[in-house]
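For reference, the structure is listed below as C-alpha cells.
Residue numbers run from 1 in the order of the sequence given. When a ligand or atom number is given, it counts from 1 through the structure's own listing order. Because the structure is a prediction, the values reported are computed rather than measured.
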Amino acid sequence: MNILVINAGSSSLKYQLMNPETGALLAKGLCERIGIDGKFTYKPQVEGKEKLDAIDVAMPTHSEAIQTVLNALVDEKNGVIASMDEIEAVGHRVVHGGESFASSVLIDDAVMAAIEECTPLAPLHNPANIIGIEACKAVLGDKVPQVAVFDTAFHQTMPEHAYIYAVPYEYYENDKIRRYGFHGTSHRYVSKRAAEILGKDPAELKIVSCHLGNGSSLAAVSGGRCVDTSMGMTPLAGLPMGTRAGDMDAGVVEFIANKYGYTVSETLNILNKKSGVLGVSGVSSDFRDLESAFKEGNHRAGLALDIFAYRVRKMIAEYAAAMGGVDVVLFTAGVGENSAGTRADILKGLEFMGITCDAEKNKVRGEERIISKDGAPVTVMVVPTNEELMIAMDTMEIARG
Ligand code: ADP
C-alpha cells in the first residue's frame, strides 16, 4: 500500500506518493504560490506517464492544492493509482515538536493542540504544517490515518547538559528555551542506514552524522540515540550554512542593530538570509558556484569554503569527544552527498583521530559508499538521505498500529 508524504509550507506543498515496503516512488511534485496564482508540478515515476507543469491553477487554499494533487494521482491518463483507496495513510513533516514529541505519532485532536502549542518555537513553519494537516483532513476525511513526523523528535534523547543553554534557568522552565535541533528525520534515516550497510547493530556504533546542504547540521548518534546536535532552538545555530551565520557572538546582534538602526528582527534576518557562505563570499549560497568562483581565483569564495570546512572539521572532533570516540563519520544532503572537494577539505587533518579520506573512493556523487582508507579505524561514508522514505516508513508502521 502507498503512503502520501506531505511537506506543507506557508504557500507551498511538496508531496510524494511512495510504497515504503518496496521503497518504490510512484509520483512526486510541488504546489507553489498557493493563495496567489497557483503553480502545480506533477512528476510521475511510472513508465509511460507524462509529467505536468501547470500555471494559474486555482489553489486559493491548501485544500484545493491537496485536491489538485489527488486528482493528478488518480487521473485516468497520467495517474499512478486507480483510486484514493490505494492511499493507506498520509505522513506529514512537522518542523517543531518541542518537548512534546520524541517520536512520530498518529494525529488526533490532542496532537493537533500540542503542535499548535509548539508554534511559538517555529512561528513560520508549524502553522503551515497545521494548515497542511487540516487540508488533508478536509479532503480525505477521517478514514485515512494521518501521522506527524517531527524534525526535532530524534534529538529528544539528548542529555540535559547538551540541550540546556547557559542562560538563567527560568527561561527553560517558563519558556522552554533550549536546544532542540532539526534535520532529525534525516539524521535518523542515515544513521540507521549506515548501520545496515555496515551490517552492525546501531547499539554498537558511535556515529557523527554530517547533514550538509543549504541548511547544515551535525548530530552525534551513540547507540542509535542522538546525544548532541548543532542546530538549536531555531535552525540558525551551529555551522555556517548557505545563508545562515551559525554560532557567533550574540553581542554582534546588539552592535549591528545599534550601528545601523535595525530592529532585532531585521538583524536576525541578516543572520538568517544574508550570512553564511553567501555573506562571506558575496558570490552565492550554492556550493557549486563557490567552487567555480574559487577556481577562477575569487579569494572570498575560497575563504567561505575554508570557513565551512574548518567548522565542520572542528565539530566532528567535538562530537567524537562528546561520545568518547567515533566509529563512523557520514556525509549526507546536497553538499555532503555531492561535493567530493568539500568532503576532502573537511577530513583533512583528522587523521590523528583515525579519520581518513581515500581520494579515489571519494570520487562519488549521491551514492552509498565507504570513502575512508582500507583498514582505517574510523569508517567514513556517503549515505544519501531520504527523509520522505523515513516519513513513509513511520507513517505505515503507525497507521497499522
Ligand atoms: P536543502 O537544505 O535546501 O534541502 P540540499 O540538501 O538540496 O539543500 O543541498 C543544496 C546544496 O547542495 C547547494 O548548496 C548545492 O550547491 C549543493 N550541491 C548540490 N550538488 C552539488 C555538487 N555537485 N557539488 C557541490 N555542491 C552541490
Look only at interatomic distance and state if [X] has a nitrogen or oxygen under 3.5 Å from any nitrogen or oxygen of ligand 1.
| X | value |
| --- | --- |
| L212 | no |
| A333 | no |
| D286 | yes |
| N214 | yes |

Which residue and heavy atom of the protein sit nearest [atom], plus the separation:
| atom | answer |
| --- | --- |
| atom 25 (C) of ligand 1 | S339 CB, 3.5 Å |
| atom 6 (O) of ligand 1 | G334 N, 2.9 Å |
| atom 24 (N) of ligand 1 | R288 CG, 3.6 Å |
| atom 23 (N) of ligand 1 | N338 CB, 3.5 Å |

Original post:
Less than 4.0 Å between a side-chain N and a carboxylate O, is that true for E88 and R400?
Top reply: yes
**OP:** Give a yes or no on whether a salt bridge exists between R178 and E99, defined as a side-chain N under 4.0 angstrom from a carboxylate O.
**Re:** yes
Original post:
Is there a donor-acceptor contact under 3.5 Å linking the side chains of T332 and H211?
Top reply: no
Subject >> No-hydrogen, no-angle side-chain donor-acceptor test under 3.5 Å, T61 and E64 >> reply: yes
Does [X] have a heavy atom less than 4.0 Å from any atom of ligand 1?
| X | result |
| --- | --- |
| G215 | yes |
| R365 | yes |
| S216 | no |

Original post:
Can you find a protein heavy atom closer to atom 4 (O) of ligand 1 than 4.0 Å?
Top reply: no
**OP:** Verify whether the ring centers belonging to F294 and H299 lie closer than 6.0 Å.
**Re:** no
Original post:
When the ring centroid of H96 is compared with that of F150, is the distance short of 6.0 Å?
Top reply: no
Original post:
Near K192 NZ, under 6.0 Å, is it more than 12 heavy atoms from other residues, nucleotides or ligands?
Top reply: no
Original post:
With under 30° as parallel and over 60° as perpendicular, where do the rings of H187 and H183 fit, or are they tilted in between?
Top reply: perpendicular
Original post:
Do the non-hydrogen side-chain atoms of I370 and D358 ever get within less than 4.5 Å of each other?
Top reply: no
**OP:** Heavy-atom contacts with F287 under 4.0 Å: which atoms of ligand 1 show up? List them by number with element.
**Re:** 14 (O), 16 (O), 26 (N)
**OP:** Could you list the atoms of ligand 1 found under 4.0 angstrom from a heavy atom of S285?
**Re:** 14 (O)
Subject >> Winner among V335, D289, V277, T342 once heavy atoms are compared against atom 17 (C) of ligand 1 >> reply: V335
Subject >> Cation-pi check, K176 onto Y172 ring (under 6.0 Å, within 45° of axis) >> reply: yes
